[in-house]
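Structure, as structure tokens:
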Amino acid sequence: MDTLFRSLDLIEPGDLVNYHGTLTDCHGLWLAVPCPCNLCDVIDAMGLTDLRFALIDPWGERSGPLHARRESITRSVASG
């Protein structure tokens, strides 16, 4: 099953990702988790496919962006 997820380049909670979205000062490596905000919860509960991510600094040094679109992140090759 891991091979299937990796071949599809799906993002799983806790994957290391490269952010390349509109917030240029946030470009770089992050851990991706489902966005915990109320708006994203409502979108998910409605069954819409626009899954958004919260990005967490793997080193705990700075706050990451919320609501990151799937198109704004790429799974890092370092995720294994």
Side-chain angles (χ1 to χ4, degrees):
M1 189 64 138
D2 266 354
T3 306
L4 177 62
F5 282 124
R6 301 305 177 219
S7 68
L8 295 174
D9 196 30
L10 296 178
I11 305 296
E12 296 182 83
D15 274 352
L16 191 61
V17 297
N18 286 306
Y19 174 75
H20 46 80
T22 56
L23 302 174
T24 56
D25 59 326
C26 293
H27 284 184
L29 289 175
W30 298 90
L31 293 173
V33 297
C35 189
C37 80
N38 289 336
L39 178 59
C40 290
D41 281 345
V42 169
I43 290 171
D44 186 46
M46 293 173 63
L48 299 175
T49 59
D50 191 22
L51 178 64
R52 302 288 180 108
F53 294 90
L55 303 181
I56 300 169
D57 182 0
W59 300 276
E61 296 176 354
R62 61 186 182 149
S63 297
L66 298 175
H67 321 298
R69 297 175 190 269
R70 173 61 184 92
E71 299 81 21
S72 298
I73 59 177
T74 304
R75 199 172 154 283
S76 172
V77 294
S79 286

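Residue numbers count from 1 along this sequence.
Here H20 pairs with T74 under the side-chain hydrogen bond (donor to acceptor under 3.5 Å, both in side chains) rule; sequence neighbours left out.
Here the side chains of W30 and P65 are in contact, with some heavy-atom distance below 4.5 Å. In this structure the side chain of L29 reaches within 4.5 angstrom of the side chain of S76, judged on heavy atoms. Between P34 and P13, the closest side-chain pair of non-hydrogen atoms falls below 4.5 Å. Side-chain atoms of V17 and L31, non-hydrogen and from C-beta on, never get closer than 4.5 Å to each other. Counting heavy atoms from C-beta outward, I11 and R70 have side chains that approach closer than 4.5 Å.
Side-chain atoms of D57 come within 3.5 Å of backbone atoms of R62 as a donor-acceptor pair (strictly under, hydrogens ignored).
Hydrophobic clustering, with ILVMFWY side chains joined whenever heavy atoms are under 4.5 angstrom apart, groups L51 together with I73.
Taking all atoms of both residues into account, the shortest heavy-atom contact from H27 to G21 is NE2-O, 2.6 Å. Across every non-hydrogen atom of R75 and L10, the tightest pair is CD-O, 3.4 Å. Minimum heavy-atom separation, Y19 to A68: CE1-CB, 4.3 Å. For the pair V33 and G14, the tightest heavy-atom approach, listed with the atom from each and the gap, is CG1-N, 4.1 Å.
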